[in-house]
Amino acid sequence: MKALITSAASDVGRLLVKGLGDAIDLVATDLPEVADSVGATSCPLDADEATRDLVTGVDAIVHVAGVSQASADAFGRADNAAVDYHSRCTYNLLTAAAEAGVDHVVYLSSLLLFADCDASWDVTEVWQPRPTTEIETMRHAIGEFTCREFARERKIKVTCLRIGTPGNKEAPFSGDRLFNDDLVTAVRNALDRPPSAWAIYHVQSDVEGRRFNISKAVEVGLFEGGRS
Amino acid sequence: MKILVLGANSRLGPYVVQSNQERHTLRLADVTEVASDHHETCTVDLGSPDDVLAAAEGMDAIVNCTVERRDPRRAFDVNTRGCFNMMRAAVDQGVKRVINTGPHFAVAGPSYETFDTAMNPDMPPHPGVGLYAHSKGAGQEICRIFSTQHEIQVLMLLFYNFRDHDDTEPGRNHPFAVSWRDAGDAVRLALEVDAACLDSRCEVFNIHAVPHGTFRKDKALRVLGFEPQDDLRLAWGK
């Protein structure tokens with residue numbers, strides 16, 4: 001399998017490039033301000049030939065969808081940069097991918113969409129997201145909105161992984177902690193299991209005090225939940 | 001009421017002005033220079049947060065008539081990110097009501113329109129992946145999210161086909177048509193409707209004047225009191 005991974009210079013991007021690189025033929029990309037720092041292909045994800053070239057010959061895309069500080073600075077404002085990336089850039093990427101015959105996109109969303117829910121609720125994938133207007137949360141709502149329409153119209157298959165807060169096992173406690181190795185495992189397995197059109201999974205590690213229900217992801221074999 | 005009209009130079013903008021100027025104080029804004037002897041004017045690029053923030057200062061309400069249909073960058077700059085900047089400015093300036101306008105397919109995209117009738121404005125939005133519909137649908141979703149978090153009333157008015165009120169050309173039997181001046185009146189009704197009459201802080205309305213039943217219009221009558229004055233029978237009758 002040949003897969004494109006976006007935002008390769010981000011922390012999550014670097015983690016996935018390192019973790020997936022042995023098993024998958026990866027093409028890494030990021031926005032021009034930071035792509036060179038990790039040897040990734042520079043692409044602003046405009047509606048043009050460069051984006052079409054980027055997805056040509058690719059079987060799947062891991063859309064990490066993070067905007068670096070340098071790219072946000074170049075845009076002018078971080079909130080506007082995030083809105084632009086999760087709407088326009090994501091739209092351009094998926095449009096080009098659909099036209100090029102790419103089969104599957106794994107979009108990394110966030111469990112922050114449910115941060116406002118009461119901790120006593122058993123929040124699963126069938127709950128309606130409750131995004132706030134904090135851009136770190138809202139950007140994922142916009143990204144999901146964009147991806148969902150491409151999946152709904154059967155332009156491309158989309159797996160939406162709403163992930164917890166990534167970190168290693170020494171990281172401070174977080175109720176939505178997602179250990180780095182669980183994240184890599186879940187993305188790798190998601191790439192192997194494209195849905196018929198659209199699928200959502202909540203992905204966090206099975207830590208003590210785990211905040212979110214992960215049984216759907218565990219049942220389909222995305223990962224084991226991470227409790228060792 | 002002090003009202004900021006974004007997109008005052010759009011096709012709809014002048015009809016919004018015409019319907020509201022005797023009852024409200026208007027500030028007319030557009031990305032191009034606005035000519036008016038009667039109203040305050042300013043130049044605003046919706047892609048600029050600072051422009052929008054300054055334009056919204058001291059306003060009670062914002063009417064967004066802006067639109068970009070074709071350019072792949074500007075469509076998102078105006079229709080999507082523009083809504084974000086408008087809502088951010090509304091929060092920061094204490095604006096309590098926003099009237100956002102857009103095409104019917106910001107809600108009823110191809111996956112509805114190809115198959116259904118009796119489509120009501122409260123359906124889950126399925127704009128699809130067309131540039132115009134999708135970018136407007138994303139903008140409306142941003143407005144909705146803001147309304148869940150802040151004390152701002154968002155009323156989304158959906159339009160499709162406009163006709164001049166004195167257009168006598170028969171035919172063009174369109175299932176979602178309204179005259180320009182009735183559209184302007186619908187915006188006025190949305191500005192003036194009592195918040196107590198609204199079920200939530202984000203309400204969507206189909207605004208048209210035809211009897212096809214493809215798109216339901218009863219909510220606009222029931223909630224806004226919208227009764228089109230211009231008879232479009234020439235367009236849909238024999």
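Just so it is clear, the model here is predicted, and its values are computed rather than measured. In what follows, chains are A, B, ... by sequence order, proteins preceding strands, each numbered from 1. Hydrogens, waters and symmetry mates play no part in the numbers below; they use all other heavy atoms, side chains included.
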The interface call for A:Ala98 against chain B, heavy-atom contacts under 4.5 Å, is neither
Side chain, backbone, both or neither: which part of A:Asp46 has a heavy atom under 4.5 Å from chain B?
-> side chain
Has A:Lys216 got its NZ or CZ under 6.0 Å from the middle of the six-membered ring of A:Tyr201, at an angle within 45 degrees of the ring axis?
-> yes
Parallel, tilted or perpendicular: ring planes of B:Tyr160 versus B:His174, cut at 30 and 60 degrees | perpendicular
In terms of heavy-atom pairs under 4.5 Å with chain B, the winner among A:Ile135, A:Ile142, A:Asp79 is A:Asp79
Heaviest contributor of heavy-atom pairs below 4.5 Å to chain B, chosen from A:Thr146, A:Asn92, A:Asp116, is A:Thr146
Are more than 12 heavy atoms from other residues, nucleotides or ligands located less than 6.0 Å from atom CG of A:Asp11?
-> no
Would you mind checking which part of B:Phe146 comes under 4.5 Å of any heavy atom in chain A, side chain (CB onward), backbone (N, CA, C, O), both or neither?
-> both
Below 4.5 Å from any heavy atom of chain B, which atoms of A:Arg77 appear? Answer side chain, backbone, both or neither.
-> side chain
Given the options B:Ser135, B:Pro72, B:Gly128, B:Ala138, which has more heavy-atom pairs under 4.5 Å with chain A than any of the others?
-> B:Gly128
B:Arg88 versus chain A, heavy atoms under 4.5 Å apart: side chain, backbone, both or neither?
-> side chain
B:Asn64 side chain near B:Cys83 side chain, heavy-atom distance below 4.5 Å | yes
Looking only at non-hydrogen atoms, find the nearest pair between B:Val154 and B:Cys143 and report the distance.
-> CG2-O, 3.8 Å
Does any non-hydrogen side-chain atom of A:Gln204 lie less than 4.5 Å from one of A:Arg210?
-> yes
Would you confirm whether the ring centroid of B:Phe105 sits within less than 6.0 angstrom of the ring centroid of B:Tyr112?
-> no
Option in B:Pro110, B:Pro49, B:Gly47 with maximal non-hydrogen atom pairs under 4.5 Å from chain A = B:Pro49
